[in-house]
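Written out below as structure tokens is the structure these notes cover.
To find a chain, count down the sequence lines: A is the first, B the second, and so on, and within it residues start at 1.
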Amino acid sequence: MIPRRFRLKRSVLFKKACTSGKVIGHTRYFTLLGLPRLYQSDTPTRFGFVISKKVCNRAVGRNKVRRRLREIVRLEVIYPFAERIKPYIAIVLLARRTITEASYQELRQALTDCLAKSKPEQGTESPTP
RNA sequence: GGAGUUGGACAGACGAUCGCGGUUGGGGGCGCUAACGCGGCCCCAACUGAGGAAAGUCCGGGCACCACAGGGCAGGUCGCCGGGUAAAGGCCCGGUGGGAGCGAUCCCGAGGAGAGUGCCACAGAAAUGAAGACCGCCAGGAUGGCAACCCUAUCCUGGUAAGGGUGCAACGGUGGUGUAAGAGACCACCGGCAGGAUCGGAAGGUCCUGGCCAGGUAAACCCCGACCGGUGCAAGACAGGAAACACACAAAGACGGCCCGUCUGUUUCCGCCACGUCGCUAGAGCCUUACGGGCAACCGGAGGCCCAGACAGAUGAUCGUCCAGAACAGAACCCGGCUUAUGGACAACUCCGCCC
RNA sequence: GCCCUCGUAGUUCAGUAGGAUAGAACGUCUCACUCCUAAGGAGAAUGUCGGUGGUUCGAGUCCGCCCGAGGGCA
């Protein structure tokens, strides 16, 4: 589990990230959606996870996928990719159906590769007010 | 050793590193306040943190609101007897009756067809009304073989439900007496029905007597008996203020299909409102028992315990050891059941084979 | 979490009150017509009625239990 201050808890922000967030990464297991910051601030980037019933019809399977993703985010993303994720106020991981076939190691590799390869967009470093 | 039946329990354990929900305690700094204090944030420690099915949402309740849910109709549900439980008409226990199995044991939706209505296709003479004669059997008559009798063929009239055929099903079954041929017409046994006696708390069992009158379907309508108001925690509460009109009736509303009855003044504007707090977990609670009652389900007594309460929603990742790289699977207001999914062990019992 | 609805040919639907072989339209295939194709014409095939037990002589229909799809609820 990731600490409380990194969680995407506000429902409005969650919906906004899902509907108007930009795709900042895409693999065969999941899609990354990022909502850019409107103001420069030091508040931490918050993470949300979407695992629909289409991924797995059983609650146990969905829980396992979500817990793995959160563990990877906690250990491999928040501090190692701090500069990479800073421009976004919220990031949502959208799980795809194939994620149930992936092991923990494969998921970790996919997520770190995805963040390392993609480059930050121009202009997001100095957002418009 | 093999095949099988039933029952209860368990749901990997321990250790290490990183990490999370809740409660309690301590600390840090921030905001509001004149102050007392209040609010949320971060850090540390201790304790605690999913299931036997948490599932399907199939029954029964608690709880909340609608009137502390009242009467009738409609509608729905259940159906051998007795007991258990908060309740159950669907659950559990014991019994009765029926069925399956060599057996341990298992299954049953088991009120009424003797209140009424409907249906029983095709086939068949006839499908419910003591109805019905297709083939057959028997008697009588007519005609022919043949002049006549016997015999026989065809036709007509009548008797006959024993035999054939049809069908899931044809109005008790088997054997005998009887008869022109036959028939519960009569007799014996069996089955069913009615009455009586007796046993049992009851369903029902056993015995005696009578007479032969009774097709199936009620998971078809229905009858009898019993029960059920509706909506569901997205229930609901915190949660209101002002103005105008009216004060009887009426209208409208009170979340059910209809009627009755009961209750409530109405309208507009502002505020609140999908994101706060409560409801939200100590309860028909769990564990133990060489205690008492009961065949049992269960009840009572005694002792001990507090055992998740989230709100984008907490249990994961990696490694080591053990007999192991187990299955189904995740609380969302809470309980009691049922059903379905599923792992490896254990115990008791039954049948068969072999050995002592 | 709670409450509902629906599963029938390849597709969209009928089939109320049980009766034998389950229908219609579109689509598919075949044959003629044409130099060839389309349209029009003639004909044919197509179903474990979502699955599984039960009631009944007999189930798409009636009754359980599962599976799948869809919808609604401050």
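For A:Arg66, the side chain to side chain contact (heavy atoms under 4.5 Å, CB included) partners at least two apart in sequence or on another chain are A:Phe49, A:Ile51, A:Asn63, A:Arg70. Judged as a side chain to side chain contact (heavy atoms under 4.5 Å, CB included), and not counting sequence neighbours, the contacts of A:Glu106 are A:Tyr29, A:Ala102, A:Ser103. When the side-chain hydrogen bond (donor to acceptor under 3.5 Å, both in side chains) test is applied to A:Thr27, no partner is found at least two apart in sequence or on another chain. Partners of A:Gln105 by side-chain hydrogen bond (donor to acceptor under 3.5 Å, both in side chains), not counting sequence neighbours, listed by chain and number: A:Arg108. Residues satisfying the side chain to side chain contact (heavy atoms under 4.5 Å, CB included) test with A:Arg46, not counting sequence neighbours, are A:Leu8.
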query: For RNA chain C, what is the dot-bracket line, given that a base pair needs Watson-Crick (N1 to N3, plus N6-O4 or O6-N4) or G-U wobble (N1-O2 and O6-N3) geometry with both distances under 3.5 Å, and | means paired with another strand?
result: (((((((..((((.....[...)))).((((.........)))).....(((((..]....)))))))))))).

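Looking at heavy-atom distances under 4.0 Å, A:Glu76 makes no contact with the nucleic acid at all. Residue contacts for A:Arg46: at a heavy-atom cut-off of 4.0 Å it reaches no nucleic acid atom on any strand shown.
With both pairing distances under 3.5 Å, B:A219 is matched to nothing as a Watson-Crick or G-U wobble pair. Nucleotide B:A153 forms a Watson-Crick or G-U wobble pair with B:U143, both donor-acceptor distances falling under 3.5 Å. Within the shown strands, B:U318 is the pairing partner of B:A16 under the Watson-Crick or G-U definition, both distances less than 3.5 Å. A 3.5 Å limit on both hydrogen-bonding distances identifies B:A302 as the Watson-Crick or G-U partner of B:U288. Base pairing annotation: B:C280 forms no Watson-Crick or G-U wobble pair, as no partner gives both donor-acceptor distances under 3.5 Å. Figure legend. B:G225 is base-paired to B:C78; pairs are counted as Watson-Crick or G-U wobble with both atom distances under 3.5 Å. Nucleotide B:C328: paired with B:G51 (Watson-Crick or G-U wobble, both distances less than 3.5 Å). With both pairing distances under 3.5 Å, B:C102 is matched to nothing as a Watson-Crick or G-U wobble pair.
One finds no salt bridge joining A:Lys86 and A:Glu83 here, because no Lys/Arg side-chain nitrogen approaches an Asp/Glu carboxylate oxygen to under 4.0 Å.
Here B:A317 presents its C1' atom at 16 Å from CD of A:Gln109, a figure rounded to the nearest Å. Distance A:Phe47 CZ to B:G19 P: 17 Å, rounded to the nearest Å. Rounding to whole angstrom units, CZ of residue A:Arg7 and C1' of B:A310 are separated by 11 Å. Distance, A:Leu107 CG to B:U318 P: 11 Å, rounded to whole Å. Atoms CD1 (A:Ile72) and C1' (B:C18) sit 15 Å apart, rounded to a whole Å. The CZ atom of A:Arg74 sits 8 Å away from the C1' atom of B:A317 (whole-angstrom rounding). In this structure, A:Leu69 places its CG atom 14 Å from C1' of B:A312, rounding to the nearest Å. Atom P of nucleotide B:G19 and atom OH of A:Tyr104 are separated by 13 Å, given to the nearest angstrom.
Interatomic distance, CD1 of A:Ile78 versus OG1 of A:Thr45, reported as 9.0 Å (0.5 Å rounding). To the nearest 0.5 Å, atoms CZ (A:Arg84) and CD1 (A:Ile91) are separated by 7.5 Å. We find the CG-CD1 distance between A:Leu93 and A:Ile72 to be 9.0 Å, quoted to the nearest 0.5 Å. Atom CZ of A:Phe30 and atom CG of A:Leu69 lie 7.0 Å apart (nearest 0.5 Å). For the atom pair CZ (A:Arg74) and CZ (A:Arg67), the distance works out to 14.0 Å, reported to the nearest 0.5 Å.
For B:C334, the base adopts the anti conformation, since its glycosidic angle falls more than 90 degrees from zero. In B:A69 the O4'-C1'-N dihedral to the base is more than 90° from 0, which defines an anti nucleotide. Taking syn as a glycosidic angle within 90° of 0, B:U288 does not qualify and is anti. B:G52 has its base syn relative to the sugar, with a glycosidic angle deviating from 0 by at most 90°. A glycosidic torsion no more than 90° from 0 defines the syn conformation; C:G40 lies beyond that range and is anti.
To the nearest whole angstrom, the two C1' atoms, one in C:G43 and one in C:G7, are 33 Å apart. Atom name P, nucleotides C:C63 and B:G173: the rounded distance is 39 Å, in whole Å. Rounded to whole Å, the P atom of B:G257 lies 11 Å from the corresponding atom of B:G232. Between the C1' atoms of B:C227 and C:G50, the separation comes to 36 Å (whole Å). To the nearest whole angstrom, the two C1' atoms, one in B:C349 and one in B:C10, are 23 Å apart. Rounded to whole Å, the separation between the P atoms of B:A310 and B:C270 comes to 37 Å. Nucleotides B:C228 and B:U268 are separated by 44 Å at their C1' atoms, to the nearest Å. Straight-line distance between the P atoms of B:A332 and B:A327: roughly 23 Å, to the nearest whole Å.
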task: Kindly indicate, with the supporting measurements, whether the criterion salt bridge (charged side-chain N to carboxylate O under 4.0 Å, His left out) is fulfilled by A:Glu71 and A:Arg68.
output: CA-CA 5 Å; A:Glu71 190 70 7; A:Arg68 276 182 171 166; over 6 Å; no

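Nearest-nucleotide mapping onto RNA chain B: of A:Gly48 and A:Gln105, the residue sitting toward the 5' end is A:Gly48. When each of A:Phe49 and A:Lys64 is assigned the nucleotide of RNA chain B with its nearest heavy atom, A:Phe49 is the one assigned upstream, toward the 5' end.
For A:Arg108, no side-chain nitrogen or oxygen approaches OP1 or OP2 of B:G316 to under 4.0 Å.
In this structure, the nucleotide among B:C18, B:U318, B:C20 sitting nearest to the side chain of A:Glu71 is B:C18.
Contact of A:Arg70 with B:C20 (side chain to base): no donor-acceptor pair of N or O atoms is detected under 3.5 Å.
Applying the side chain to side chain contact (heavy atoms under 4.5 Å, CB included) test between A:Leu32 and each of A:Leu94, A:Leu111, A:Val92 identifies A:Leu111 as the sole match.
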Please list each protein N or O that sits under 3.5 Å from an N or O in nucleotides 326-332 of chain B, with the distance.
| residue | atom | partner | partner atom | Å |
| --- | --- | --- | --- | --- |
| B:G330 | OP2 | A:Ala59 | N | 3.2 |
| B:G330 | OP2 | A:Val60 | N | 3.2 |
| B:G330 | N7 | A:Asn63 | ND2 | 2.9 |
| B:G330 | O6 | A:Arg67 | NH1 | 3.0 |

